[in-house]
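Reviewing the structure listed below.
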Amino acid sequence: MRQVMKKRMILVMAAAIMAAAGCGTGDVATKTINTSADETESKDSEEEVSSRELNSEDRDGSAKAYEIKTPVQNPYTWQEYTVTLPEEWIGRCIIEENESGFSIYQKASYEKNDATGYVCGFFHVKEPVEYDHGKMIIAYTDDGTLYYLAQPTDVPCDTDDEQTAGEYIRMCQQVPQLKNSLSINASGVHANADEYMLPTSSILKLDPEVLAGLSDNGLWIARNEIYARHGRQFANDYLQQYFNRCTWYKGEILPREFQENLLNRIEKDNLQLLNAAEKEYDRQHPYPKTYEASETAAVDLNGDGRADEITYQVSEQNSGEFLCEIIVNGETYSANELSCSQEDMVMTNPAMDFFFISDILENDGMLEVAVVDEGPSEDPITYFFQYDGALSCIGQVPGIPFGEMNGGFNGFNGMGNITGQSTTDLIETACLQDNRWYDGTNIIDLGIPWRDFLPSFSHALYEDLPVYCEWDVMSATTVIPAQEEVFFLGTDTKQWILVKGKDGSQGYMLVEDGTIAQLGKPAQQVFSDLRFFD
């Protein structure tokens, strides 16, 4: 039994990795700002098998009758769907159809163990399905039809046979490749719906309850993507670069030339709902706040019901060093002398004009004072302090996680996570999102092995690039065709980079000593405009 359980656990983890595989499309994230029209941005088998009816639960949650369809043809077509199955699936998979879509099973598991071996399914509905980690909206039409890709979140295959289990894993790894081959023969189809924060905000009225589940960053992106659908450009660099990565985005209209009459009634109503949701979010989450160094912040730092007075001052000494002082209730603390999570705090180039009050963990009753050292080479660090009768440093975060100094992206979720920024020189000098965690005592680095690139400028890809569906050379492969715009989405900071083309193709690239391993060529011969900075 332990052996079987161990196999199942391995497959659970494998399935989780597959669900996030790179050979497909995806992305999201992002803050609140002003909501006036002028300030939009800110903020199966080949042999014959008799068909039979199965009473089963449909992958969208409703009771449906399934019919097994064989032999499987390639490409496979069901109603308006057409997909090209990987060649190795022919003879190894079974497809079930029903009135809403079709599901693909591994044949070996399906025939041995009462219809297990579910690999993936495609279905369409008229109403959004309840959120589920195993379901991804991949397209929608102007008449409100929603198209979903469903994948298992458990291990529905024969785990007693290692060969069968290995084949199942490989099939799941190739689901993104299958998704990329999908075509939908219907009018008014909008593909790559997984690139949207709220895919149907132009055709369906938004549900306030759904909006209540979004962060300020999510609301900010959702509001501005309504404008982005119509080709509006953005003065905010974060927004512009974020939408540039989306296959559907064509930024052709300058902000000042955008006409509100391009929006339909539903979009205008949804903008009002989003504006209201942003204001409500700000009301419920008043921090972080920025203060000028000349200001005195009067806030309750330790939850004792009394306001504490905080000021911050920086002065340069004759030695050329800086004296950074935080004054709380008249008592002065030298920031340089406070140990910061077992690291010495050295302010080499402190930001003199401002400080912050944050609320990293909203349920602990504590607020934090934060100050910034801009560093010797524009690699800033933000230091955080708490006060409970005396001031102490609780840790540091690379970069500046405050929205107004971070392109509008708020790095706090109120539940202990802080998103800062670090840099990498793996293929070029680029900024990454860097997550830290406050455990109630100190801000710590959890050592998460994967980091997302901040939205950044595109590069031209000079030739077809073979890529992996996972950051593993044993995983399935696909090809990103040569094109004028490709984007780097994420990295392990050591040798793997997730690359996405403007055409929606994407996958993992292996970089070794500046060489693209799949091609055996230096990166500069494969991509344009790669830049390194001291």
Side-chain angles (χ1 to χ4, degrees), residues 25-43 128 137 139-144 146 188-208 210-282 403-404 406-410 454-458 485 487 489 500 502 504:
T25 58
D27 255 78
V28 269
T30 336
K31 164 138 184 119
T32 310
I33 305 194
N34 297 320
T35 57
S36 68
D38 293 335
E39 298 176 319
T40 301
E41 309 162 20
S42 63
K43 243 257 131 89
I137 184 168
Y140 67 93
T141 61
D142 290 333
D143 67 357
L146 309 174
V189 173
H190 301 270
N192 301 110
D194 50 340
E195 293 180 333
Y196 292 95
M197 184 65 64
L198 297 173
T200 59
S201 63
S202 65
I203 59 173
L204 297 175
K205 184 176 180 179
L206 295 174
D207 184 345
V210 172
L211 299 185
L214 293 179
S215 69
D216 55 348
N217 296 321
L219 292 167
W220 183 46
I221 289 293
R223 173 166 54 81
N224 281 287
E225 75 183 8
I226 290 178
Y227 294 94
R229 290 177 194 271
H230 296 278
R232 186 191 190 276
Q233 296 177 0
F234 299 90
N236 179 285
D237 286 342
Y238 187 101
L239 284 175
Q240 186 63 54
Q241 293 168 20
Y242 176 91
F243 289 120
N244 282 342
R245 303 184 305 180
C246 298
T247 59
W248 51 265
Y249 178 68
K250 294 177 175 61
E252 299 170 340
I253 305 175
L254 294 172
R256 66 177 179 274
E257 297 176 357
F258 186 83
Q259 302 294 319
E260 295 290 323
N261 59 14
L262 292 174
L263 305 175
N264 62 41
R265 183 71 264 165
I266 290 175
E267 289 174 318
K268 291 178 180 179
D269 290 344
N270 283 339
L271 282 170
Q272 290 184 358
L273 289 171
L274 285 161
N275 287 334
E278 287 184 284
K279 291 178 181 177
E280 179 60 19
Y281 188 96
D282 286 343
E404 57 268 56
N406 192 22
F409 183 89
N410 179 23
L454 287 172
S456 59
F457 296 102
S458 65
E485 290 184 285
F487 303 84
L489 302 185
K500 176 184 177 181
K502 186 70 173 181

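Computed from a prediction, not measured in an experiment: that's the story for all the values here.
Inter-residue side-chain proximity for Gln233 and Tyr249 is flagged as met; some heavy-atom pair is nearer than 4.5 Å. Residues Leu214 and Ile221 fail the side-chain proximity criterion, which asks for heavy atoms closer than 4.5 Å.
The nearest pair of heavy atoms linking Cys246 to Tyr242 is SG-O, 3.8 Å. Gly407 and Asn236 make their closest contact through O-ND2, 3.0 Å (heavy atoms, listed as atom of the first residue, atom of the second, distance). The two residues Lys250 and Thr247 come nearest to each other via the heavy atoms NZ-O, 4.4 Å. Nearest heavy atom pair, residue Tyr281 against residue Leu219, reads CB-CD1, 4.2 Å. Heavy-atom minimum distance, Gly144 versus Ile203: CA-CD1, 3.7 Å. Contact detail for Ala191 and Ala139: the closest heavy-atom pair is CA-CB, 4.1 Å.
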Inset, instruction - Would you please test Leu262 and Ile253 for side chain to side chain contact (heavy atoms under 4.5 Å, CB included) and show each step? - result: CA-CA 11 Å; Leu262 292 174; Ile253 305 175; 3.9 Å; yes

Inset, instruction - List the steps, then state whether side chain to side chain contact (heavy atoms under 4.5 Å, CB included) holds for Tyr238 with Leu454. - result: CA-CA 8 Å; Tyr238 187 101; Leu454 287 172; 4.3 Å; yes

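Interatomic distance, CZ of Phe487 versus CG of Asn244, reported as 5.5 Å (0.5 Å rounding). Atom CZ of residue Arg223 and atom CG of residue Leu273 lie 13.0 Å apart, to the nearest 0.5 angstrom. Note that the CG atom of Asn275 and the CG atom of Leu211 stand 11.0 Å from one another [nearest 0.5 Å]. Note that the NZ atom of Lys268 and the CD atom of Glu260 stand 7.0 Å from one another [nearest 0.5 Å]. Lys500 NZ to Lys502 NZ: the interatomic distance, rounded to the nearest 0.5 Å, is 8.0 Å. Separating the CD1 atom in Ile226 from the OG atom in Ser202 is a distance of 8.0 Å, to the nearest 0.5 Å.
Relative ring orientation between Tyr227 and Phe258 is described as perpendicular, the plane-to-plane angle rising above 60° on a 0-90° scale split at 30° and 60°.
Annotation: salt bridge (Lys or Arg N to Asp or Glu O under 4.0 Å) contacts of Asp269 (sequence neighbours excluded): Arg265. Partners of His190 under the ring pair (Phe, Tyr, Trp, His ring centres under 6.0 Å) rule, at least two apart in sequence or in another chain, are Tyr140.
For Lys205, the NZ atom sits in a loose shell: 12 or fewer heavy atoms of surrounding residues, nucleotides or ligands are nearer than 6.0 Å.
Judged purely by atom type and a 3.5 angstrom limit, Glu225 uses its side chain to pair as donor or acceptor with the backbone of Leu198. A donor-acceptor pair is defined here as one N or O able to donate and one able to accept, closer than 3.5 Å; such a pair exists between the side chain of Asn270 and the backbone of Ser201.
Geometrically, Arg232 does not engage Phe243 in a cation-pi contact, judged by NZ or CZ lying under 6.0 Å from the ring centre and within 45° of the ring axis.
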